[in-house]
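One structure below.
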Amino acid sequence: MGQLERTLSIVKPDGVSRGLIGEVVGRFERAGIRIAAMRMLHMGKKEAEGFYAVHKDKPFFRTLTDFMSSGPVVVMVLEGQDVIRRNRELMGATNYKDAKPGTIRADFANDIERNVVHGSDSPENAAKEIAYFFSVLDIT
Ligand code: IDP
Ligand code: MG
């Protein structure tokens, strides 16, 4: 049995505007992952830049932070055994062209940047990213 973990998931602006919130949340629930916190919000450019600070030197930083601040997102704390890795499995590879069939990105993304979901990639980043959006009292 893996570690009981928490991770941050985001339904990105493309996922929200395309009506995919329920689809994404349903996949987590059907996988037995518990939603420990959930909120809709609309990041400004500065908030998106802060969230993706790790990518500040990448060529796609500007377009990525424009995209992430272009509309509302749904941020969630997911909880479960080994949930950081399991969420990444459900999401599929960053580039939808490389994502395994049946993953969220393979099923719904058509663009490497507008790829429907975010998921933390390590325990350290999960802790940082959860704290970026949620206080301890928000997490059930
Ligand atoms: P991840 O979301 O699978 O963890 P990261 O490498 O952390 O992927 O990149 C963060 C986000 O930046 C991606 O989800 C995607 O929206 C965007 N992105 C990553 N690589 C590219 C690229 O080569 N071109 C445009 N956007 C990219
Ligand atoms: Mg990442």
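One-based numbering, in listed order, for ligands and for the atoms of each. All values reported here derive from a predicted model rather than from experimental measurement.
You'll find the side chain of Arg62 reaches within 4.5 Å of the side chain of Lys45, heavy atoms only. Taking 4.5 Å as the limit, every side-chain heavy atom of Val73 sits out of range of all side-chain heavy atoms of Val11. Asp14 is not listed as a side-chain neighbour of Glu113, based on a closest heavy-atom distance of 4.5 Å or more. Between Ile104 and Phe28, some side-chain heavy-atom pair lies under the 4.5 Å cut-off.
Proximity to Arg88 (heavy-atom distance under 4.0 Å) selects the following atoms of ligand 1: 1 (P), 3 (O), 4 (O). The atoms of ligand 1 that sit less than 4.0 Å from any heavy atom of Thr94 are 1 (P), 3 (O), 8 (O), 13 (C), 19 (C).
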How far apart are the C-alpha atoms of Lys128 and Glu124, what are their side-chain angles, what is the distance that settles it, and do they pass the salt bridge (Lys or Arg N to Asp or Glu O under 4.0 Å) test?
CA-CA 6 Å; Lys128 276 190 218 162; Glu124 295 70 29; over 6 Å; no
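On a distance-only criterion, Asn115 and ligand 1 share at least one N/O pair closer than 3.5 Å. Residue Tyr52 has no nitrogen or oxygen atom sitting less than 3.5 Å from a nitrogen or oxygen atom of ligand 1, judged on distance alone.
Counting protein heavy atoms only, atom 2 (O) of ligand 1 is closest to Arg105 NH2, 3.0 Å. The closest protein non-hydrogen atom to atom 22 (C) of ligand 1 is Phe60 CD2, 3.5 Å. The nearest protein atom to atom 16 (O) of ligand 1, hydrogens excluded, is given as Glu113 O, 2.7 Å; this is a heavy-atom distance.
Assignment of Lys12 to the shell around ligand 1 is supported, since a heavy atom sits closer than 4.0 Å. Under the 4.0 angstrom criterion for non-hydrogen atoms, Met68 is not in contact with ligand 1. Within the structure, ligand 1 has Ile112 among the residues with a heavy atom less than 4.0 angstrom away.
One finds the CD atom of Glu79 at 4.5 Å from the CZ atom of Arg6 (value rounded to the nearest 0.5 Å). A distance of 15.0 Å separates CZ of Phe133 from CE of Met38, quoted to the nearest 0.5 Å.
At a 4.0 Å heavy-atom cut-off, ligand 1 touches His55 through the side chain alone.
If you run side-chain contact (heavy atoms from CB on, under 4.5 Å) between Ile10 and each of Met76, Glu129, His118, only His118 comes through.
Checking Val117, Asn125, Leu64 against atom 17 (C) of ligand 1, the nearest heavy atom belongs to Leu64.
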